[in-house]
Amino acid sequence: MRPMAEGYDVQAIEARWQQYWREHGTYEVDNDDPRPHWYTLCMYPYPSGAAHMGHVRNYTFGDLIVRYRTMNGYAVLSPMGFDSFGLPAENAAIKTGVHPRTFTDERIEQLRSSIMRIGAVYDWRREVTSHSPAYIRWTQWIFLRFLEQGLAYRAKAPVNWCPGCHTVLANEQVLADGTCERSGDLVEKRDLEQWFFKITDYAQQLLDDIDGLDWPERVKVMQRNWIGRSEGAEFDMAITDADGTPRADGLSITVFTTRPDTSFGMTYAVMAPEHPLATAITTDDRRADVEAFIAHARATSEIDRLSSEGSLEKRGIFTGAYCRNPFTGKPVPLYLADYVLLGYGTGAIMAVPAEDQRDWDFAQVHGLPIVRTIQPPEGWEGEAYTGDGVHINSEWLDGLGKEEAIAKATEWLEASDIGERKVNFRLRDWLVSRQRFWGCPIPVVYCPDDGIVAVPDDQLPVMAPDDVEFTPSGESPLRFHEGFLNTTCPTCGGPAVRETDTMDTFVDSSWYFLRFCDPWNETAPFSADAAASWMPVDQYIGGVEHAILHLMYARFFTKALSDLGVAPVDLREPFARLFTQGMIRLGGDKMSKSKGNLVAPESILDNEGADALRLAHLFVGPPQDDVDWEGVGLEGCARFLQRVWRLGTGEAGVPAVDREPTPPDDAMEKATHRLIARVTDEYERWSYNTAVAAFMEFGNDLYKYVQAEGGPRRDTLAFAVDTLLLVMAPMTPHITAELWSRRHDGAHVHEQAWPQADPAKLTVDTVTLVVQVNGKVRDRLEVPAGIDAAEAERLALASPKVQAHLDGGEPRKVIAKPPKLINIVV
RNA sequence: GCGCGAGUGGCGGAAUUUGGUAGACGCGCAGGAUUCAGGUUCCUGUGUCCGCAAGGACGUGGGGGUUCAAGUCCCCCCUCGCGCACCA
């Protein structure tokens with residue numbers, strides 16, 4: 001497309017200003033900058049090559065804030081980096097033999113240059129990449145501090161093993177249907193020694209501190225649900241035989257319940273099939289069946305477990321054992337069933353079919369008794385009743401309501417030394433081991449004599465070797481690299497073997513925002529002072545897909561590093577304000593590589609240019625909503641910029657003249673002040689789509705003004721055009737920089753102060769009085785803004801249109817809200 | 001099933017903060033001017049229905065209600081999207 005406005009050479013202008021911002025370090029900022037500090041951050045991207053529309057949208061918002069805050073007098077920290085470890089680079093290496101570093105570095109360059117092409121500005125001096133030796137060094141250093149504090153530990157655990165990726169997955173990386181989120185393979189359970197971070201130590205704090213965050217409510221809800229706090233009680237039950245005689249082996253099980261008040265209604269108990277005591281408690285006559293059941297459960301994937309609703313009897317089995325209900329003193333049968341999960345609570349439950357629907361269903365199928373302990377309301381036709389009500393069949397709890405009974409039952413358990421009050425969290429410890437090459441190596445060695453030994457700080461970073469071969473087996477080449485594997489024990493000097501696991505890439509992204517504050521530091525990951533001068537991030541921007549994992553882990557790291565004295569003591573949260581942008585769709589479908597419906601920003605950048613692309617993203621809809629690229633008004637945005645160009649260069653309309661202000665000049669001036677007030681408000685509210693509408697509206701008014709007979713007044717026009725350029729500068733930086741520079745002897749628009757509206761100029765002289773009869777609009781009158789109710793009523797009643805509707809009658813009532821509205825009730 | 005969000009012209013959306021002109025702005029479409037022509041640019045029109053017009057009726061997913069006045073508040077229902085989903 002050729003430039004349609006004289007001299008508006010989009011490509012040349014955009015390239016020129018991007019170069020200018022880089023060469024002048026316009027958006028580089030030092031930690032001791034005297035202006036008030038503001039930290040804006042877009043989630044650092046995984047380098048997947050040239051930017052896609054999601055990136056463009058994200059960085060358009062971020063860049064706009066950087067420029068807007070800067071014009072408002074802040075020192076704005078706006079860094080950029082790359083989340084450069086991860087599986088795709090390794091998979092590519094297996095396929096093509098290219099080293100993951102080469103592959104990754106190439107893609108970083110592609111992404112960096114396309115980010116620059118959209119005109120987004122950063123303090124590139126501070127760039128952080130996860131795979132750089134300096135970053136690896138400090139990630140490992142943090143790991144070792146966690147290890148010292150017991151926040152990192154090694155444990156054997158049933159882990160999610162993806163046969164396709166040959167690696168262990170975090171629970172979060174397994175989809176609800178039991179498949180791997182990346183390869184789609186069915187995930188298996190395997191017991192392996194793994195590294196964990198003890199995020200559960202912070203469960204309560206992570207939950208409590210959500211309240212103080214200025215985050216989208218739905219993200220806060222998702223985090224609360226993920227932590228999943230529930231209050232209840234835990235108690236022991238002795239294993240017995242059918243008549244309640246304790247067994248010779250003295251075994252007992254512990255159950256967790258949120259409803260200890262319903263204990264008198266316990267008619268059986270259930271353990272998870274994988275429960276460690278499952279075989280021990282099973283009686284000999286049931287052993288063969290039970291072991292077959294356990295084997296089947298272990299071999300069955302989550303997906304099958306979840307989809308086996310129809311065959312409930314196959315999902316549980318009687319063990320032959322009983323356990324004594326401490327409340328009644330009577331034995332109840334003990335089952336194994338896959339609806340009880342080993343990973344939650346104690347992996348065993350008391351079953352109360354009358355007050356729990358799952359227990360009800362199971363009891364029905366297995367012919368187990370049901371005893372109500374809460375009187376359901378009158379006319380109750382449902383099955384299990386989980387609401388409040390009066391306790392029955394519960395001896396000393398009879399007559400009490402739910403809450404009272406829970407309290408009394410819990411007190412009794414504690415007083416009798418049978419159980420205790422217990423808070424359970426759904427949140428699990430974070431499994432950070434990955435059996436991959438392209439990640440941050442875990443800096444420990446295994447010594448036959450000294451066990452697990454930390455690599456000393458002065459030997460960091462532990463770097464993976466370059467001379468490795470990637471095999472299609474998918475296994476980490478580190479496991480076969482003798483030079484890497486064999487080392488000496490830092491404690492005894494004897495031979496030792498290195499850990500070959502690397503860390504989950506979420507570890508890297510859990511502290512990069514802190515490194516940005518002090519990226520040159522060679523004695524610490526960052527100084528507490530540097531972090532204190534910027535943190536917490538004032539505005540964090542990213543996709544809602546990170547609502548749980550990344551944001552939870554980053555919060556955990558911040559708290560842990562604060563407790564370790566690495567981060568400032570009072571820094572308890574990393575991101576004060578979070579904005580999550582919507583997804584980009586195309587014709588209703590999610591726009592994604594896998595759907596093959598990507599619209600590449602490239603061709604738009606080559607034609608309409610970055611300013612038009614940015615403007616289109618901002619105009620298409622509210623930032624937090626999903627947007628459909630089909631509805632994007634790219635044409636209209638490009639057209640509007642052409643109009644702005646003509647206004648800015650004086651091509652539009654008739655030549656300006658010098659004169660005393662006329663009423664149209666005054667109106668234009670007032671409209672300019674209103675523009676400032678409106679757009680400022682809309683920037684603060686993230687209402688960018690309406691801000692763009694305001695520009696366009698103003699542009700239309702301005703066009704009419706310059707084309708009017710007699711021409712525009714020079715000063716009025718200059719003020720109007722300059723103001724438009726200023727308020728557009730954060731959104732469309734290139735065209736506004738170019739025009740400002742031409743109009744003001746090379747001055748830079750982004751170094752101007754944000755314009756202020758004069759309150760005196762925001763008033764209007766006349767307003768439209770809407771005249772309604774019985775609530776329906778019948779006339780509109782131009783009236784003085786200061787009109788009173790009596791005068792408004794007089795004018796309204798004088799209106800011929802109103803008279804026609806009154807039909808000679810008298811109004812019964814007149815509601816006057818001068819100067820905007822009057823309603824005549826007949 | 002539970003939780004959150006949303007339903008407004010042919011389309012994206014505005015007005016939802018304070019109940020007070022529904023449809024800003026843009027796309028698309030139609031007509032006109034400029035042009036050899038296409039493109040560009042400029043102007044005008046554009047919710048639906050009746051009407052030559054003036055004007056009128058209807059209209060914010062559906063139904064009810066409050067009010068002088070409801071897209072906005074209250075009750076019931078429907079649809080779509082997202083998240084969680086055997087958590088005891």
Side-chain angles (χ1 to χ4, degrees), chain A residues 1-5 176 216-222 224-226 228-230 232 255-259 262 269-270 302 305-306 308-309 315 337-341 343-352 355-359 361-362 424-427 544-545 547-548 582-583 585 588 615-616 619-622 624-637 639-640 642-643 646 651-652 685 687 689-700 703-704 707 768-777 779-780 801 804 811-817 820-826:
Chain A
M1 186 181 287
R2 305 250 298 277
M4 296 314 164
E217 199 51 41
R218 68 182 183 128
V219 175
K220 290 164 80 166
V221 168
M222 282 159 76
R224 286 192 193 101
N225 290 344
W226 194 257
R229 183 184 197 273
S230 68
V255 295
F256 171 74
T257 180
T258 55
R259 295 294 303 278
T262 64
V270 190
E302 300 263 318
R305 279 201 191 186
L306 289 172
S308 58
E309 280 171 27
R315 301 186 53 195
D338 66 5
Y339 79 90
V340 172
L341 309 174
Y344 185 77
T346 60
I349 61 155
M350 68 169 193
V352 185
E355 277 95 30
D356 183 293
Q357 189 61 41
R358 290 158 302 175
D359 295 346
D361 294 339
F362 191 84
N424 250 313
F425 292 95
R426 209 189 77 120
L427 185 70
V544 73
E545 67 273 17
I548 297 176
M583 264 188 327
R585 300 176 182 282
L615 200 64
F619 186 49
V620 67
Q624 67 278 9
D625 287 3
D626 288 354
V627 298
D628 201 314
W629 195 254
E630 282 191 343
V632 151
L634 185 68
E635 292 299 311
C637 291
R639 211 170 295 175
F640 170 68
Q642 307 275 355
R643 284 162 77 89
R646 281 183 224 108
E651 286 169 48
R685 287 167 40 216
S687 188
N689 52 328
T690 56
V692 176
F695 299 159
M696 291 176 169
E697 237 173 303
F698 184 77
N700 290 343
Y703 238 80
K704 288 199 178 82
Q707 290 176 330
T768 305
L769 175 72
V770 172
V771 183
Q772 299 180 332
V773 177
N774 289 336
K776 295 195 173 174
V777 180
D779 203 2
R780 293 184 174 89
K801 291 173 184 170
R812 281 197 290 136
K813 194 171 173 184
V814 176
I815 288 114
K817 300 276 174 185
K820 298 201 95 170
L821 181 128
I822 189 159
N823 188 12
I824 295 158
V825 185
V826 188

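The structure presented is a predicted model; accordingly, all values stated were derived computationally and were not measured. Labels below follow one simple rule: chain letters A, B, ... track the order of the sequence lines, proteins then strands, and each chain is numbered from 1.
Comparing B:A85 with B:U72, their C1' atoms are spaced 34 Å from each other, to the whole Å. With P as the reference atom, B:C4 and B:C75 are 14 Å apart, rounded to whole Å. Between B:G65 and B:U17, the distance separating the two P atoms is 24 Å to the nearest Å. Rounded to whole Å, the separation between the C1' atoms of B:C52 and B:G59 comes to 25 Å. The gap from the C1' atom of B:G5 to that of B:G9 amounts to 23 Å, rounded to the nearest Å. Nucleotides B:A14 and B:G7 are separated by 16 Å at their C1' atoms, to the nearest Å. For the P atoms, the distance from B:G45 to B:A37 is 26 Å, rounded to whole Å. Taking atom P on both nucleotides, B:U66 is separated from B:G81 by 35 Å, rounded to a whole Å.
Within 4.0 Å of A:Arg639, counting heavy atoms only, lie sugar-phosphate atoms of the nucleic acid but no base atom. Among the atoms of the strands shown, none is found under 4.0 Å from any heavy atom of A:Glu217.
The environment of A:Arg685 atom CZ is dense: over 12 non-hydrogen atoms of other residues, nucleotides or ligands sit within 6.0 angstrom. Applying the 6.0 Å contact sphere to NZ of A:Lys820 captures no more than 12 heavy atoms from other residues, nucleotides or ligands.
Comparing B:G83, B:C82, B:G12 by their nearest atom to the side chain of A:Arg218 picks out B:C82. Comparing B:A88, B:G12, B:G20 by their nearest atom to the side chain of A:Phe619 picks out B:G12. Side-chain proximity of A:Asn689 to B:A14, B:U21, B:A85: nearest is B:A14. When each of B:C68, B:U21, B:A24 is scored by its nearest atom to the side-chain atoms of A:Thr768, the top-ranked nucleotide is B:U21. Among B:C86, B:G12, B:C25, the nucleotide with an atom closest to any side-chain atom of A:Met696 is B:C25. Considering only side-chain atoms of A:Val777, the nucleotide from B:U41, B:A22, B:A88 that sits closest is B:A22. Here the nucleotide nearest the side chain of A:Lys704, chosen from B:G20, B:A88, B:U44, is B:U44. When distances are taken from the side chain of A:Lys817 to each of B:C25, B:G20, B:C43, the shortest belongs to B:G20. Listed nucleotides B:G20, B:G55, B:C86 differ in distance to A:Tyr339; the shortest reach to its side chain belongs to B:C86. Comparing B:C25, B:C86, B:G20 against the side chain of A:Asp338 picks out B:C86 as the nearest.
The shortest distance between the side-chain N/O atoms of A:Arg224 and the OP1/OP2 oxygens of B:G3 is not below 4.0 Å. Using a 4.0 Å cut-off, some side-chain N or O of A:Arg426 falls inside it from OP1 or OP2 of B:A85. Between A:Lys820 and B:G20 there is no side-chain polar atom (N or O) within less than 4.0 angstrom of OP1 or OP2. The shortest distance between the side-chain N/O atoms of A:Arg685 and the OP1/OP2 oxygens of B:U17 is not below 4.0 Å. Under 4.0 angstrom from either OP1 or OP2 of B:C25 there lies no side-chain N or O belonging to A:Thr690. Between A:Lys776 and the phosphate of B:G20, there is no side-chain N or O to OP1/OP2 separation shorter than 4.0 Å. Close to B:G26, at under 4.0 Å from its OP1 or OP2, lies a side-chain N or O of A:Asn700. In terms of phosphate contacts, A:Asn424 brings no side-chain nitrogen or oxygen within less than 4.0 Å of OP1 or OP2 of B:A88.
The CG atom of A:Asn225 lies 9.0 Å from the CE atom of A:Met222; values are rounded to the nearest 0.5 Å. A:Lys817 NZ to A:Gln772 CD: the interatomic distance, rounded to the nearest 0.5 Å, is 12.0 Å. The distance from atom CZ of A:Phe362 to atom CG of A:Asp356, rounded to the nearest 0.5 Å, is 12.5 Å. To the nearest 0.5 Å, the span separating NZ on A:Lys813 from CG on A:Asn823 amounts to 9.5 Å. The CZ atom of A:Arg259 sits 8.5 Å away from atom CE of A:Met350, with the distance rounded to the nearest 0.5 Å.
Remark: B:C84 base-pairs with B:G1. Criterion, Watson-Crick or G-U wobble with two distances under 3.5 Å. The partner of B:U40 cannot be assigned: no Watson-Crick or G-U wobble pair with both contacts below 3.5 Å exists in any strand. B:C29 is paired with B:G45 under the criterion used here, namely a Watson-Crick or G-U wobble arrangement in which both key atom distances are under 3.5 Å. B:A15 makes up no base pair with any nucleotide shown, lacking Watson-Crick or G-U wobble contacts both under 3.5 Å. Summarising the base pairing, B:A70 is matched to no nucleotide, lacking a Watson-Crick or G-U wobble pair whose two defining distances lie under 3.5 Å. When Watson-Crick and G-U wobble pairs are counted only if both distances are under 3.5 Å, B:G7 pairs with B:C78. Base pairing analysis places B:U35 opposite nothing; no Watson-Crick or G-U wobble pair with both distances below 3.5 Å involves it. The base-pairing partner of B:A53, taking Watson-Crick or G-U wobble contacts with both distances under 3.5 Å, does not exist among the strands shown.
The base of B:C86 sits within donor-acceptor range of the side chain of A:Arg315, with an N or O pair under 3.5 Å. At a cut-off of 3.5 angstrom, counting only N and O atoms as typed in the model, there is a donor on one side and an acceptor on the other between the side-chain of A:Asn823 and the base of B:C68.
Taking the O4'-C1'-N9-C4 or O4'-C1'-N1-C2 dihedral as appropriate, B:G9 has a value within 90° of 0 and is therefore syn.
One interatomic measurement links the two molecules: CD of A:Gln772 to C1' of B:A22, which rounds to 12 Å at whole-angstrom precision. Atom-to-atom, CG of A:Asp625 to P of B:G7 comes out at 9 Å; the value is rounded to the nearest Å. Here B:G23 presents its C1' atom at 13 Å from CD of A:Glu697, a figure rounded to the nearest Å. In this structure, CG of A:Leu615 is placed 15 Å from C1' of B:G13, rounded to the nearest angstrom. Rounded to whole angstrom, the span from the CD1 atom of A:Ile349 across to the C1' atom of B:C86 amounts to 10 Å. For the pair A:Phe425 CZ and B:A88 P, the computed distance is 13 Å after rounding to whole Å. If you take CG of A:Asp628 and C1' of B:G81, they are 13 Å apart, rounded to a whole angstrom. Taking atom CZ of residue A:Phe256 and atom C1' of nucleotide B:C86, one finds them 15 Å apart after rounding to whole Å.
Annotation: of the two residues near RNA chain B, A:Ser687 and A:Gln707, the 5′-most nearest-nucleotide partner is A:Ser687. Between A:Ala348 and A:Lys813, it is A:Lys813 whose nearest contact on RNA chain B lies nearer the 5' terminus.
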May I have the step-by-step check of side-chain contact (heavy atoms from CB on, under 4.5 Å) for A:Ile822 and A:Val814, ending in yes or no? CA-CA 7 Å; A:Ile822 189 159; A:Val814 176; 3.9 Å; yes
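Figure legend: A:Arg426 and A:Tyr344 shown without cation-pi pairing, the cationic atom not lying both under 6.0 angstrom from the six-membered ring centre and within 45 degrees of its axis.
Judged by distance alone, the side chain of A:Asn424 and the main-chain N or O of A:Ser230 form no donor-acceptor pair under 3.5 Å.
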